[in-house]
Each structure stands twice: as structure tokens, then as C-alpha cells.
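Everything quoted here is computed from the prediction, not taken from an experiment. Note: hydrogens, waters and symmetry copies are ignored here, and every other heavy atom, side chains too, is used. If you read the sequence from its start, that first residue is 1, and numbering goes on from there.
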Amino acid sequence: MDQAPGSRQDDAHSGLPVCYRHPGRETGIRCTRCERPICPECMVSASVGFQCPTCVREGSGTGHAPSASQPRTLAGGAIAADPHLLTKILIGLNLAMFLVQQAVGDSFTDRFDMIGRAIVPALGFGELQGVAEGQWYRLLTSMFLHGSIIHILSNMLSLWWIGGPLEAALGRARFLALYLVSGLAGSALTYLLAEPNQPSLGASGAIFGLFGALAVLVRRQRYDMRPVIALLVINLVITFGWSGIAWQAHVGGLVAGVVIGVAMVYAPRTPRERRALVQYGTCALMLVAVVVVTLLRTTQLT
């Protein structure tokens, strides 16, 4: 969340901002118009939420009654009653797909995992399969498949720990865009760099994108970066230290997450239309990069 001047004294230690008019008072409430942190003494009731004295004074000075816009997250998204709902849905979808994998068997996994170009005997016929054969859906579907119980449990725990706070900070639409585009970027880099007959699957690319965006958010908030850096280093060590891990998906997702995260939290706050244009425009540019990479690799393989 944005910090007002003079409001950072205890932020790094407690994790809560302090009132912009009373620097010694921590608060979790923000003005619905300017998003300054405000303590109970400074809260002025509005039609929706609370406003700070400065916004009330400015609104009254125009000769009009002060108005409050809809409460917004720090990235400009709408505040939801359940700020973790989308994270729960994504976890449920991944778990449901894993149960289908277990029920149907390898033929289901082999039909939807990430593979560049290869003959897949489990599908029952000798034709070439993969993204290079026009099966672009594999870039997306592979993000919701997992290879083992340990694989899905580790990814879903990471999604819960990181996804919940990010969804609350960004809002549902922006969080979903971050998750999907990061996952697609990871799939595209895997397609580009991995052997074409090497299958890969998992939500790791999207989750590394969340890691990258979380690091940007923590930096923007001027919180202690050490826990996030330590967690990211541990995951990168595992990525490059263990065999059988598609490091390309992790790196692709991480890079996309950092780029999108910067756009989400550093976009100009006003006007709102420009803010949304920067945020979603960056997501669109990343998607264009995914398409270009996919076309280039397809040309190489075919």
C-alpha cells in the first residue's frame, strides 16, 4: 500500500501503516478517496467507508458535499467481501484436476500436459502430439496438472500462503491476470528451451509469478525484504538443484510476475483509467511475448 509522507516510522516492524496525521498511531483503515492511512480520530464517515479530514475539507471547499468512491485495493481493484475467494477457487480447481488425473490415468495427463512435439504412446496412436502440432491449449492446461501428491501439496500450500495476501492487495481481476499470464509465460519458456519430447506440468510457473509480484509489493511497501528473498532463494536452489524440475517454467513465471507486479503497484493512481491501462496493457504485452515465443519455436520444430 502507498505510504503517505511521515507515515513510515513503525511500518517495517509491525507491518501496519500509521496515521498520516498522527504518526504514532497504527491503523488498518484508509481513506476511500486518497488511500491515506487514518486512525479512528481522523475517520469521517462517508456514504461508503471513511474519508480523511483533508479530502473532506477539499470536497467541502468546492461547494459540493464530499463524495466517497468505492473502496479500492492498493492496486485499484474492488474490495471483496472474501478477499481470498479466487485463491480458494484456484486451489479447488487444481485439486479437482488432480483427482481426474488419478481417476482417468496417464492418457488424460498426456493429452493435456506441456509437450513440444513428440509421439505419445499412451494416447493409443502414433501421430505427433504437442504445441507444435497446433495444440496450444497445452500451454494453459498444463498449469492445472500435477505429477504426484507431494507435487500438488507443495504447490497448493505455496499458492495459499502467497496468493491470499496478493489477491487482497491487487483485487480479483488483477490477481487472476497475474496468475494466468505468469503461468503462460512459464509454459512458453519451457516450450522454447526444453527438449520438444520432454513433458512438463504443474502450477509452479504461475506460483513463481506470484513470488515475483510479492517481492515487488513488499519492496513498494518498504517492508522487510529478507523473508521474501530467503523464500525465493530456497525455491530457486530447489529449482536448479533437483533433477526432473522444469526450471524454464519457474524462470519464465518469475520474470513475468516481476514485470506485471511492477505495473500493478507502480502504475499512476490517477486517473483510474490510465492506471488500468498500464496494468492490463502490461499483461497484454506479456501475452504478446508468449505468442511470439510460441510461434518462433513452432517454426523451428516444424
Side-chain angles (χ1 to χ4, degrees), residues 73-104 108-109 112-114 136-190 200-217 228 231-232 235 239 245-246 249-250 252-261 263-265 279-280 282-284 286-287 290:
T73 66
L74 95 92
I79 294 178
D82 183 356
H84 300 167
L85 178 62
L86 190 54
T87 299
K88 296 173 185 176
I89 292 175
L90 287 171
I91 291 174
L93 182 58
N94 277 279
L95 291 173
M97 292 297 290
F98 184 71
L99 291 177
V100 173
Q101 286 181 260
Q102 302 309 302
V104 177
F108 179 84
T109 302
F112 295 104
D113 62 8
M114 175 61 221
W136 281 43
Y137 60 83
R138 290 177 180 269
L139 297 170
L140 177 65
T141 55
S142 61
M143 295 164 47
F144 297 94
L145 304 177
H146 290 82
S148 67
I149 293 178
I150 296 298
H151 189 199
I152 191 169
L153 285 181
S154 61
N155 275 346
M156 292 306 99
L157 284 173
S158 297
L159 177 54
W160 176 250
W161 288 331
I162 304 171
L166 267 178
E167 182 182 350
L170 301 181
R172 289 176 184 168
R174 290 163 174 79
F175 175 75
L176 182 60
L178 167 68
Y179 184 90
L180 293 178
V181 176
S182 296
L184 289 172
S187 295
L189 193 63
T190 301
S200 66
L201 69 172
S204 301
I207 291 172
F208 264 78
L210 301 186
F211 265 121
L214 179 64
V216 174
L217 176 63
V228 177
L231 190 60
L232 185 57
N235 278 274
T239 297
I245 294 179
H250 295 190
L254 179 63
V255 171
V258 170
V259 173
I260 295 173
M264 292 293 181
V265 303
Q279 294 168 334
Y280 291 116
T282 301
C283 293
M286 293 304 301
L287 283 177
V290 167

Margin query: Show every salt bridge (charged side-chain N to carboxylate O under 4.0 Å, His left out) that has at least one partner inside residues 84-97, sequence neighbours left out.
Written below: Asp82-Lys88

Margin query: Quick one, Ile260 and Val216 - any side-chain contact, counting heavy atoms below 4.5 Å?
Written below: no

Checklist line | Derivation and outcome, ring pair (Phe, Tyr, Trp, His ring centres under 6.0 Å), residues Phe208 and His250 | finding: CA-CA 6 Å; Phe208 264 78; His250 295 190; 4.4 Å; yes

Check: Under 4.5 Å between any side-chain heavy atoms of Leu90 and Phe144, yes or no?
Finding: yes

Next item on the list: Indicate yes or no for a side-chain donor-acceptor contact from Gln101 to the backbone of His146 under 3.5 Å, with no hydrogens or angles considered.
Entry: yes

Identify each donor-acceptor pair in which a side-chain atom of residues 181-189 lies under 3.5 Å from a protein atom, sequence neighbours left out, and give them as a table.
residue: Ser182; atom: OG; partner: Leu178; partner atom: O; Å: 2.8
residue: Ser187; atom: OG; partner: Leu139; partner atom: O; Å: 2.8
residue: Ser187; atom: OG; partner: Gly183; partner atom: O; Å: 3.2

Notebook entry, point to check: Got a sec, which pairs hit ring pair (Phe, Tyr, Trp, His ring centres under 6.0 Å) with one end in residues 155-174, sequence neighbours left out?
Noted result: His84-Trp160

Next item on the list: For the pair Phe112 and Val100, evaluate side chain to side chain contact (heavy atoms under 4.5 Å, CB included) and give the outcome as yes or no after the intermediate values.
Entry: CA-CA 12 Å; Phe112 295 104; Val100 173; over 6 Å; no

Check: Are the side chains of Tyr179 and Leu166 in touch, meaning some heavy atoms are under 4.5 Å apart?
Finding: no

Next item on the list: Decide yes or no on side chain to side chain contact (heavy atoms under 4.5 Å, CB included) for Thr109 and Leu201, but give the supporting numbers first.
Entry: CA-CA 9 Å; Thr109 302; Leu201 69 172; 3.8 Å; yes

Check: Who pairs with Trp136 by ring pair (Phe, Tyr, Trp, His ring centres under 6.0 Å), at least two apart in sequence or on another chain?
Finding: none

Check: Got a sec, which residues hit salt bridge (Lys or Arg N to Asp or Glu O under 4.0 Å) with Arg174, two or more places apart in sequence or on another chain?
Finding: none

Notebook entry, point to check: For residues 137-156, which residue pairs qualify under salt bridge (charged side-chain N to carboxylate O under 4.0 Å, His left out), counting only residues two or more places apart or in two chains?
Noted result: Asp113-Arg138

Notebook entry, point to check: Checking side chain to side chain contact (heavy atoms under 4.5 Å, CB included) for the pair Phe175/Met264: CA distance, chi angles, key distance, verdict?
Noted result: CA-CA 9 Å; Phe175 175 75; Met264 292 293 181; over 6 Å; no

